[in-house]
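In what follows, a single structure is set out as structure tokens and then discussed.
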Amino acid sequence: MINFDFSFVKGVGWYPGHMLKATREIRKQLKLVDVVMILTDARTPVSALNEGLIKITSTKPTLIVLNKADLAEDEKTLDWAEYLKSKYENCDYVITETINRRGLKQITETARKLIKEDRKKKGATRPLFRPIRLMIAGVPNVGKSSLINALNRKKSARTGPRPGVTRSQQWITLADDMELLDTPGIMPPGNPLVECGLRLGLINAVKQDLIGKSLLVTYLISQLFKHENFKYLKSLGVAFPVTDYDDILKTIAAKMGYKLPGDEPDIRKTEEFILRAYTDGKFGKITLDTPPDFQPPGDTKILWPDVKINLDVEDE
């Protein structure tokens, strides 16, 4: 088998100016909302969880939504969900798939339950005479816009398989008694640790060109070997056991007919094909955040170094 070494890789962060501005706006809007939904990707439930947002919104009941569960391993998704629920106070979770509409009804039901519990804790006795207000937040490309459109059954929010599609906040009516504030995808400031960054690149939370598509493909294949997930590779003509990484790419290039002048394999096109196949779920269900890599972590310093950010400073 092949030995993979990523010790040479440096963490790559992505925190453009609009994310800082959006983080400040979220803090300002908190007084208007009843529940904060923090969305994460079920394949990378901790790597793609912006704990900074949870800290900022901790005064409100928190609903953690593990989205894209159709691409992750069911048992591990449930384990991570239970872990996250136990980690944060006044918190619950829902596991969702927008394509099959799994968990969508539970989102509104769980939000209502959290609001009821929170109001009871605060001693509120009068009914709520206005629509329930939710806020949805998370890192880029975990499926916020697709989830909103599925909940609303129409295209209210822009979607796309790349980070940074939503760039401003917008209110969306979900029902007669429920409104949702959509917010842009926001990364924590600073650089994630190596494996966390690679996983964020694979799910497109960080722009793949910042990390390098060749490196991401190498990391993906290392995870396929780790999980002994060879079915799709075999369907592309890869014969096992494999001892040379380059042979995998050359075999897939030949299978797909990706050639350069002189009959050389087009490796760049092959790598783009592999990343696309992963995005489309062709490799099956893979949960990338799994012990012992993340243990599960008692705190996310395992993933992100402790970064301080002053949200009270006005934009220049």
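Throughout, numbering of the chain's residues begins at 1 and tracks the sequence. As a basis for the values below, the full set of heavy atoms in this structure was taken, side chains included, without hydrogen atoms, waters or symmetry mates. It should be emphasised that the depicted structure is a prediction, and the values quoted were computed from it without experimental measurement.
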Quiz prompt | Residue pair I26 / Q29, side-chain heavy-atom distance below 4.5 Å | solution = no
Practice problem: Taking the side chain as every heavy atom from C-beta outward, state whether K68 and E97 have any pair of such atoms under 4.5 Å apart. | Solution: no
Practice problem: Establish whether L260 and M256 are linked, either directly or via other cluster members, by ILVMFWY side-chain heavy-atom contacts under 4.5 Å. | Solution: no
Practice problem: Hey, could you give me the CG/CD distance between L215 and Q208, rounded to the nearest 0.5 Å? | Solution: 11.0 Å
Practice problem: State whether the number of non-hydrogen atoms from other residues, nucleotides or ligands found under 6.0 Å of K113 atom NZ is greater than 12. | Solution: yes
Quiz item: Would you say the ring centroid of F225 lies under 6.0 angstrom from that of F230?
Solution: yes
Quiz item: Any Lys/Arg nitrogen of D118 or K122 sitting under 4.0 Å from an Asp/Glu carboxylate oxygen of the other?
Solution: yes
Practice problem: Go through the side-chain N and O atoms of N67 and T96 and say whether any donor and acceptor fall under 3.5 Å apart. | Solution: yes
Practice problem: For the pair E51 and Y88, evaluate side chain to side chain donor-acceptor pair (under 3.5 Å) and give the outcome as yes or no after the intermediate values. | Solution: CA-CA 10 Å; E51 190 176 46; Y88 302 107; 3.0 Å; yes
Exercise. Say whether Y232 and I2 are linked into one hydrophobic cluster, either directly or through other cluster members, by side-chain heavy-atom distances under 4.5 angstrom.
Key: yes
Practice problem: Verify side chain to side chain contact (heavy atoms under 4.5 Å, CB included) between V36 and L30, making sure each step is shown before the conclusion. | Solution: CA-CA 8 Å; V36 177; L30 269 180; 3.8 Å; yes
Quiz item: For K282, does its backbone N or O pair with a side-chain atom of D280 as donor and acceptor, under 3.5 Å?
Solution: no
Practice problem: State, with a plain yes or no, whether a side-chain heavy atom of K85 is found less than 4.5 Å away from one of I64. | Solution: no
Quiz item: So which of V238, D247, I267 actually passes side chain to side chain contact (heavy atoms under 4.5 Å, CB included) with I252?
Solution: V238
Exercise. Taking E73 for its side chain and T287 for its backbone only, find out whether a donor-acceptor pair lies under 3.5 Å.
Key: yes
Exercise. Check step by step if side chain to side chain contact (heavy atoms under 4.5 Å, CB included) holds for L202 and L275.
Key: CA-CA 7 Å; L202 279 181; L275 290 174; 3.9 Å; yes
Practice problem: Tell me yes or no: between the side chains of T173 and E179, is some donor less than 3.5 Å from an acceptor? | Solution: no
Quiz item: Given side chains that start at C-beta, do those of I211 and Y219 come closer than 4.5 Å, heavy atoms only?
Solution: no
Self-check item: Side chain proximity check, I38 to N50, heavy atoms < 4.5 angstrom
Solution: no
Practice problem: Return yes if some donor-acceptor pair links the side-chain N/O of R101 with the main-chain N/O of A150 below 3.5 Å, else return no. | Solution: yes
Quiz item: So, the side chain of T108 versus the backbone of K105: is there a donor-acceptor pair under 3.5 Å, distance only?
Solution: yes
Quiz item: Short question: side chain of K31, backbone of K28 - any donor-acceptor pair under 3.5 Å?
Solution: yes
Quiz item: Is the shortest heavy-atom distance from the side chain of Y245 to the side chain of V217 under 4.5 Å?
Solution: yes
Quiz item: For the side chain of S47 and the backbone of C196, is there at least one donor-acceptor N/O pair under 3.5 Å apart?
Solution: no
Quiz item: Quick check: does any side chain N or O of N149 sit under 3.5 Å from a backbone N or O of S145, one acting as donor and the other as acceptor?
Solution: yes
Practice problem: Would you please test V139 and I186 for side chain to side chain contact (heavy atoms under 4.5 Å, CB included) and show each step? | Solution: CA-CA 5 Å; V139 305; I186 304 173; over 6 Å; no
Quiz item: With the 4.5 Å side-chain cut-off for hydrophobic clustering, are L71 and W80 part of the same group?
Solution: no
Quiz item: Looking only at heavy atoms, what is the nearest atom pair of L39 and G143, with distance?
Solution: CD2-C, 3.6 Å
Exercise. Evaluate side chain to side chain contact (heavy atoms under 4.5 Å, CB included) for F4 paired with T218, printing each intermediate quantity in order.
Key: CA-CA 8 Å; F4 294 93; T218 306; 4.0 Å; yes
Self-check item: Check: L49 and I54 side chains under 4.5 Å, non-hydrogen atoms
Solution: yes
Quiz item: Are R268 and Y258 linked by a side-chain donor-acceptor pair shorter than 3.5 Å?
Solution: no
Quiz item: Got a second to check how far R27's CZ is from R24's CZ, nearest 0.5 Å?
Solution: 10.0 Å
Exercise. Scan L181, T110, I107 and name whichever one has a side chain to side chain contact (heavy atoms under 4.5 Å, CB included) with M37.
Key: I107
Quiz item: Picking from T44, D289, D41, what satisfies side chain to side chain donor-acceptor pair (under 3.5 Å) with R199?
Solution: D289
Quiz item: At their closest point, which heavy atom of I95 faces which heavy atom of R102, and how far apart are they?
Solution: CG2-NH2, 3.5 Å
Quiz prompt | Qualifying residue, where the test is side chain to side chain contact (heavy atoms under 4.5 Å, CB included) with L63 and the options are L134, L114, I136 | solution = L114
Quiz item: Any chance NZ of K250 has more than 12 other-residue heavy atoms, nucleotides or ligands included, within less than 6.0 Å?
Solution: no
Practice problem: State which residue, out of R112, R130, K60, fulfils the salt bridge (charged side-chain N to carboxylate O under 4.0 Å, His left out) condition with D34. | Solution: R130
Self-check item: Side-chain heavy-atom pair V65, T40 within 4.5 angstrom cut-off
Solution: no
Quiz prompt | Donor-acceptor under 3.5 Å (D177 side chain, I132 main chain) | solution = no
